Amino acid sequence: MQQREEKQLEASIDALITRVAHLKNSLHNFIFKLENEYDRLTWPSVLDNFALLSGQLNTINKLLKNEKTPSFRSQVIIPLLLSPDRDEELAKLTEQRVPVFSHEIVPDHLRTKPDPEVEEQEKQLSTEAARIGPEVAQKQIQTLNKLCSSLLEKLNNPREDRESESAAMRQNKQTHNPADTTALVAAVGFGKGLAKCRPPGPGGVVAPGQPGGGPMMQGGPTLQQVTMAGSSNQQTGMGPVPQQQPGQPGKMPSNIKTNIKSASMHPYSR
C-alpha cells in the first residue's frame, strides 16, 4: 500500500513538473517578445499569449484538484543536508538559480507562509475591511456595479451609435465667436478700431525728422505723390516722352499736340 502511494506521488509530481515546464516556456517566450519584438507586437498577439498562459494555469489547477492526485499539503519536505559549498547537480536542476543549498537559502525556498511584509499588509487590509460597516460596503458595491454597468453599455453599443453621438456633439458645439465676427466686419467695412495714420507732408514727401516718416513712408511714392505729379504734368505739358525705336516713324505725343494747338490760338502769337 505504501509503495503504491509512493508511485502515485511520483507520477503526479512528474506530471506537475511537465505542466510547469510548459508554463515556464510560454512565459519565457512571451517575455522575449515583450523585450525584443515590442515594435512588431500587436494587441491580438498579446491576447493570444495571455490566453495560452491562462489555459496552462487552469490545466495545473485541474491536475492538483484531481482525485487521483495525492494531497501535497500532507507532504512535508525536510532538508537532510545543508552545505555552503556549490552543488553542481542542484544548479543544473534549477538552471543556475540555486547553486547552493545553505542555511540562508532554505528558509526562502521552503517557506509555506507569505513573507512578513505581505502578512503585515494583509493584516492592514483585513483591519480596514472590518472597520467598514455592512451598509457602507453595500453602497460602495452598488456604486461600483453602476459604473461597471454603464461602462459595459458604452462598450456594447454599436459603432454607428457612438459615431452619431460624436457627430451630434460636434454640430452642437460652437466654433466661432459672434463678437469677434462683428468686430472684424466693422473693421473691414468701416475701418472701426483701425489705427489712424498721419498724412504725409507737402509735396508728398515726409522728411526723415518729421513724425510719421518711418521706413514705410520713406520708400516708394504714395497715392498723393502720384496724383500731384499727374496734375503738374497736365498743367505744364512736360510729361515723360517715350523713346523712339529705330526704324519706326516718330509719333507726337498727345500732350505736345494739345500744347501746340493752344499756343496757335493765343492772341499774341503770329
Side-chain angles (χ1 to χ4, degrees), residues 1-126 128-129 141 144-145 147-149 151-152 154-156 159:
M1 185 68 178
Q2 187 177 359
Q3 294 180 353
R4 182 180 178 183
E5 290 180 356
E6 290 179 357
K7 290 182 179 179
Q8 190 175 4
L9 180 62
E10 290 179 0
S12 60
I13 290 176
D14 292 339
L16 184 61
I17 290 174
T18 303
R19 298 295 182 182
V20 172
H22 292 164
L23 178 62
K24 184 184 69 173
N25 291 333
S26 300
L27 284 171
H28 182 270
N29 295 332
F30 185 41
I31 292 173
F32 179 81
K33 291 180 181 178
L34 291 176
E35 292 179 350
N36 300 291
E37 300 178 2
Y38 58 90
D39 52 345
R40 301 189 303 271
L41 198 61
T42 59
W43 181 244
S45 177
V46 173
L47 293 179
D48 292 341
N49 284 274
F50 274 116
L52 177 61
L53 296 174
S54 178
Q56 291 176 347
L57 288 173
N58 290 331
T59 303
I60 293 175
N61 289 330
K62 290 180 180 179
L63 180 62
L64 293 174
K65 294 178 181 179
N66 193 359
E67 296 179 356
K68 296 181 180 180
T69 303
S71 177
F72 292 101
R73 294 179 180 274
S74 59
Q75 305 297 325
V76 180
I77 300 176
I78 301 176
L80 299 178
L81 178 63
L82 299 178
S83 174
D85 300 332
R86 180 182 177 86
D87 189 351
E88 296 297 337
E89 186 67 21
L90 180 63
K92 183 179 180 181
L93 292 174
T94 59
E95 297 181 355
Q96 306 298 327
R97 291 187 178 90
V98 186
V100 178
F101 201 64
S102 61
H103 294 77
E104 183 180 0
I105 293 177
V106 166
D108 294 331
H109 287 78
L110 300 183
R111 182 185 298 273
T112 57
K113 295 176 64 177
D115 294 336
E117 297 178 356
V118 177
E119 289 184 351
E120 187 65 25
Q121 292 179 0
E122 288 183 354
K123 289 181 181 179
Q124 293 178 0
L125 293 174
S126 300
E128 292 179 359
I141 291 172
L144 181 60
N145 289 335
L147 292 175
C148 294
S149 299
L151 181 60
L152 288 174
K154 291 181 179 180
L155 292 176
N156 293 329
R159 183 177 179 182

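Bear in mind the structure is a predicted one, so any value in this text is a computation, not a measurement.
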**Study point:** side chain to side chain contact (heavy atoms under 4.5 Å, CB included) partner of F101, the single match among D87, L82, L81
**Key:** L82

Point to revise | Donor-acceptor contact below 3.5 Å, side chain T69 vs main chain L63 | key: yes

Revision key, fill the gap. To the nearest 0.5 Å, atom NZ of K33 lies from atom CG of N29 at 6.5 Å

Exercise for review: Would you indicate whether E104, at its atom CD, is surrounded by more than 12 heavy atoms from other residues, nucleotides or ligands within a distance under 6.0 Å?
Suggested key: no

Check your understanding: Looking at CG of L152 and CG of N145, how far apart are the two atoms once the value is rounded to the nearest 0.5 Å?
Key -> 10.5 Å

Check your understanding: What do you reckon, is CZ of F50 surrounded by more than 12 foreign heavy atoms closer than 6.0 Å?
Key -> no

Exercise for review: Search all heavy atoms of L110 against all heavy atoms of P79 and return the closest pair with its distance.
Suggested key: CD1-CD, 3.9 Å

Check your understanding: Which pair of non-hydrogen atoms, one from P114 and one from E119, has the smallest distance, and what is that distance?
Key -> O-OE2, 3.5 Å

Practice item. Considering non-hydrogen atoms only, spot the tightest contact between A91 and P99 and give its length. Key: CB-CA, 4.0 Å

Check your understanding: Taking all non-hydrogen atoms of both residues, which atom of S12 and which atom of P70 are closest, and how far apart?
Key -> OG-CD, 3.5 Å

**Study point:** Other residues, nucleotides, ligands: >12 heavy atoms within 6.0 Å of I77 CD1
**Key:** no

Review point. Quick one: CG on L90 to CD on E88, what's the gap to the nearest 0.5 Å?
Key: 10.0 Å

Check your understanding: Any sub-3.5 Å donor-acceptor pair from N66's side-chain atoms to K62's backbone N or O?
Key -> no

**Study point:** From R111 atom CZ to H109 atom NE2, the distance as rounded to the nearest 0.5 Å
**Key:** 11.5 Å

Review point. At what distance, to the nearest 0.5 angstrom, does NZ of K24 lie from NE2 of H22?
Key: 10.5 Å

Review point. Hey, what do you get for CG (L57) to CZ (R19), rounding to the nearest 0.5 Å?
Key: 12.5 Å

